[in-house]
Amino acid sequence: MASTTRIVKVGSVLVGGGHRPPVQTMWKHPLKADSLDAVEDNVRLLAGLGCGILRFSTPDMEQAELLGALAGRVSMPLVADVHFDWRIALRCMDFPIAKIRVNPGNLGEPWKLKEVAAKAADKGVPIRIGVNAGSLPSDLKDEPDRGKAIVVAAEREVAALDALGFNDVIVSMKASGVEETVRANRLFSERHDLPLHIGVTEAGPLVQGCVRSAVALYALLADGIGDTLRVSLSDSPENEVLAGSEIVALASGKRESADIVSCPRCGRAGFDTHAFTERWRDRIYSIRKPVTVAVMGCVVNGPGEARHADIGITGAGDKVMIFRKGEIARTCAPEDADTVFGEELSRL
Ligand code: SF4
C-alpha cells in the first residue's frame, strides 16, 4: 500500500510519503455558537473511532468564526471547506485551522488566489484542491474520457498554485462512479507526486456508499495510490469513519483498532445479536488496539467459529455466555448480558 508521494503536514498529521492514510469525515450540520460543547464531545468520539482529520463547510464568515473557535478547543486537525469567497479562507487562517479546501478556479480574479496562497504559505497551512466530476469547467464537461477530464481540471488548479510558488498541496479527484474515480487517481498518480485524498463522492446511502467506496478505494490503495481518504455517505460521520478505517485496515493488512466478528443471526439465536452489536459498536471500535470481539447468536457455531476472538458473547439456550479465546469465562441471564460483557470488555 506504500505511496511515494511527497509529505504534507495537516496539523499534527502527516499525509503522503507512505504514511498510513488518515481517515477523514465531514461535519454534517452548520456550527452554532450554543452547541460547540456538544460538537467538541462528538469530535472526541470521532477521534476515538479512528477519525484523523475533520472537515467543515464554511459558507460564510459566521461559520468561519465558529470553526476557528472550535479549532482552538480540539486537537483534531480541522479543515475549512471554502468556495467562492476568498475572504473566508483568509479569515479561517487567523485560527489554528489545519488545512483549507478550495478550488482556485472558483475564487474569481487571480489576485484573490494570490492572497490566499500567500497567507497559507505564511501560516504553514496546506491547501487541498478538490475537483469533483459534477462541477468540471465548461470546456471539459463533454470530454468522453471522464477520468481524464477530472485530471486535466485538477492539473489546472495545481498549476495555478504552482505559478504562485505554492506547492503545499493535496489533491482530490472524485466522481460518483467507481471507474471514473479509479481512473482519474491512477492517471494523476502516474504524472505527479502530490499526495492524494481519495474518495467516491455522493456515493449514496450506507450500504451502497460503503460498497462503492470499498471497491474503488481498496483498488487504489492496493496499487499504492491514496494518502488520505473519505467514505462519503448519506449517513453519519461515525459510519464514514468506521467504513474508511475498515478499508484502510484491509488494504494495509494492519488493524489499529478492535475488529468485530458477529454472526448474521438465525432462528437458533439465543439473544438479539443485532441489537447487542449496535449498542456496543462504538465502545468496541474505540478500543485502539487490534483485538477481536465476537458476538454470536448460539453455541452451535458461537465459541467454535469465534475461538480466536479475544472476547466474545454467545447465546446458550436461556442463558448468555461470555467466552475468551473459545473458553467459557462467565454465564449469565440475557438481561444481565450488557453488564457482564461490559465488565469483561474493560479487562481487555
Ligand atoms: S451463530 Fe448460531 S444464531 Fe448465529 S447465525 Fe450461526 S447458527 Fe445462527
Side-chain angles (χ1 to χ4, degrees), residues 23 45 48-50 203-219 222 231 233-348:
V23 173
L45 169 65
L49 293 176
L206 184 63
V207 174
Q208 174 188 309
C210 284
V211 172
R212 283 189 183 186
S213 299
V215 169
L217 302 189
Y218 186 94
V231 173
L233 300 173
S234 306
D235 209 282
S236 66
E238 289 81 2
N239 279 337
E240 290 193 359
V241 170
L242 293 177
S245 298
E246 187 65 19
I247 293 168
V248 173
L250 292 171
S252 67
K254 190 162 177 281
R255 191 171 288 279
E256 292 189 331
S257 63
D259 186 17
I260 297 178
V261 174
S262 57
C263 84
R265 202 180 70 197
C266 71
R268 290 195 187 94
F271 77 118
D272 188 348
T273 55
H274 292 185
F276 187 89
T277 306
E278 190 60 30
R279 276 200 305 280
W280 283 89
R281 186 195 76 162
D282 288 356
R283 166 91 185 271
I284 293 170
Y285 282 129
S286 295
I287 301 171
R288 305 307 297 168
K289 51 186 177 181
V291 294
T292 300
V293 179
V295 181
M296 309 297 278
C298 73
V299 287
V300 172
N301 296 315
E305 284 192 7
R307 62 187 172 281
H308 298 300
D310 295 277
I311 182 173
I313 182 168
T314 184
D318 60 352
K319 302 279 188 204
V320 165
M321 294 189 313
I322 311 293
F323 58 94
R324 289 176 177 274
K325 304 276 188 190
E327 300 294 325
I328 298 167
R330 292 174 74 175
T331 302
C332 66
E335 57 268 29
D336 297 327
D338 287 82
T339 304
V340 174
F341 181 77
E343 289 168 3
E344 293 298 315
L345 194 68
S346 62
R347 292 192 185 118
L348 268 184

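Just so you know, ligand 1 is whichever comes first in the structure, and atom 1 is the first atom listed for that ligand.
- Side-chain atoms of Q208 come within 3.5 Å of backbone atoms of A203 as a donor-acceptor pair (strictly under, hydrogens ignored).
- Separating the CZ atom in R288 from the CG atom in L49 is a distance of 7.5 Å, to the nearest 0.5 Å.
- Around atom 4 (Fe) of ligand 1, protein N, O or S atoms at less than 2.8 Å comprise C263 SG.
- Annotation: salt bridge (Lys or Arg N to Asp or Glu O under 4.0 Å) contacts of E344 (sequence neighbours excluded): R324, R330, R347.
- Among residues two or more places apart in sequence or in another chain, the salt bridge (Lys or Arg N to Asp or Glu O under 4.0 Å) test is passed with R265 by D272.
- Shown here are the salt bridge (Lys or Arg N to Asp or Glu O under 4.0 Å) partners of D310, two or more places apart in sequence or in another chain: K325.
- Between the CE atom of M321 and the OG1 atom of T314 there is a distance of 5.5 Å, given to the nearest 0.5 Å.
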